[in-house]
Amino acid sequence: MASARWRGFTATGLSTLLIAVTACGPVAERQPRDLRVGYDSRDGSLTVWPPRGSLAEDTAATAAVTAAVRDWRSPVDDRVHLPSSGILFSGEVDGLPLALVAASVPGEAASWLLQLTGDGEQRYTVSHATEYTDPGYLVYSDVLPVQTADGRRYLTSERVRRLAGPNGRTLSDTDGLTDPVQVPRCRAVTVTATLRSTESLPRGRASDRLLDLGTGTTAPRYPLVRDESGSGRRALTGLDTCLLAGEDGPFGSIFRRVGDRDVPQSVPASWPMAKLAVRTLGELTLDGGEPGELEQLTWESAEGTMSAVVYRPADDGPVVLSPADRTNPLQVYELPVPDQPLVVLSWRATKDTTLSVPPNTTRLVDRPGLVVAPLPERRETFSLAADEKTHYRSAGSPRR
């Protein structure tokens, strides 16, 4: 089951949606060790993920997909638990067999959307694999991303009555799989689902918004982010999502840890799930030029709230992005401004908070709740005294 925190994000009444993954039997006939076709999920009397596609009833195709999924391994060498996984779509697309599998990987407590391509001779290979680190997320979702040679497509659940693309027009679909959609490579665009009335949503839902972070999003990062209020679209306006996703960018900078080691080939701990938003911190003037805008970007990840700083120069020069920072009483961001790297310190200012910085620190911005200074050449410690407790943070090379 998806976590209570994530169910709160979806706001679709998922507490009434039932999942049966053990003794309830398959949606379609299959061999005992084959993947189920469809998924045993219900919203009242509605089957959320029924068998889809022209090959859904082809037992040979199902067996071949199962064999490929059984052989697949995650980046940390975990395997799929077949009884709790299912084939959401199996059919021919662009002249080749295509299968989409919601795969449960218990060792990572993760859900994977596996995209498999057939060679026409009953052999399938996993051509694309994207991970969502909240267990069960995929089968609770209503829109799933699919990347094909001719563009982005989306697979929709039976709860979706209409899906509108980035231009606001309704997308045509066959067996729940939409026609190709032109999604930019490194820009975020909105897709909006209209959900029909169900037991969990008695009144349906007119606009279930999602942000597609662009076709430049590389596996295993999942490109769809929930954007219920539309704040995410506003927050990412004008930002390059490929830079956001980079190893030093906000979304990609905090590696996921497995045991005692970083796993850079897995989805970063800082990867966004929902609640993207931005707020203005203030103006920043560098080298006597025109003041630029300093913003704080926040979002929810599988490991909690993250934030980063965005600097937008006044001369329409390149936007500068800091790495992510986990939520702390004292937020510390290293901002790699060319030829003038900075450290940005942000906190909730009250009459009882006092910030201390290393001696001889030049404060380029100094006001309650915000200090900007040159990034120290060596590791230095900053401290915030608040509520009878002092919080210590460090900045400066090396960052990691």
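For the numbers below, each heavy atom of this structure counts, side chains included, while hydrogens, waters and symmetry mates do not. Along the sequence shown, the residues carry numbers beginning at 1.
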Note, P268 side chain near R256 side chain (heavy atom, < 4.5 Å): no
T66/R70 under side-chain contact (heavy atoms from CB on, under 4.5 Å): CA gap, chis, key distance, verdict: CA-CA 6 Å; T66 300; R70 186 182 289 115; 3.5 Å; yes
Would you tell me whether [X] and [Y] have side-chain atoms, one donor and one acceptor, within less than 3.5 Å of each other?
{"X": "R162", "Y": "T170", "value": "yes"}
{"X": "T350", "Y": "D352", "value": "no"}
{"X": "D248", "Y": "S253", "value": "no"}
{"X": "T305", "Y": "E300", "value": "yes"}
{"X": "D142", "Y": "S157", "value": "yes"}

Determine whether a donor-acceptor pair (N or O, by modelled atom type, separation under 3.5 Å) exists between the side chain of [X] and the backbone of [Y].
{"X": "S229", "Y": "S231", "value": "yes"}
{"X": "R379", "Y": "G396", "value": "yes"}
{"X": "T353", "Y": "A349", "value": "no"}

Cation-pi geometry met for R257 and F255 (6.0 Å, 45°): no
Audit row: M273, V225, side-chain contact (heavy atoms from CB on, under 4.5 Å) steps and yes/no: CA-CA 5 Å; M273 293 173 64; V225 178; 5.9 Å; no
Pair F251 and W299, ring centroids less than 6.0 Å apart: yes
Lys/Arg-Asp/Glu bridge criterion (N-O < 4.0 Å) met for D94, R153: yes
Atom CZ of R196 with >12 non-hydrogen neighbours under 6.0 angstrom: yes
Hphob cluster co-occupancy, V344 + V320, side-chain heavy atoms under 4.5 angstrom: yes
hydrophobic_cluster_shared for L375 and V372, side chain cutoff 4.5 Å: no
For [range], which residue pairs qualify under disulfide bond (SG atoms under 2.5 Å apart), counting only residues two or more places apart or in two chains?
{"range": "residues 91-134", "answer": "none"}
{"range": "residues 272-373", "answer": "none"}
{"range": "residues 100-130", "answer": "none"}

Pair T192-L210, side-chain contact (heavy atoms from CB on, under 4.5 Å): steps then yes or no: CA-CA 6 Å; T192 306; L210 295 165; over 6 Å; no
Smallest separation among heavy atoms of L284 and Y311, with atom names: O-OH, 3.7 Å
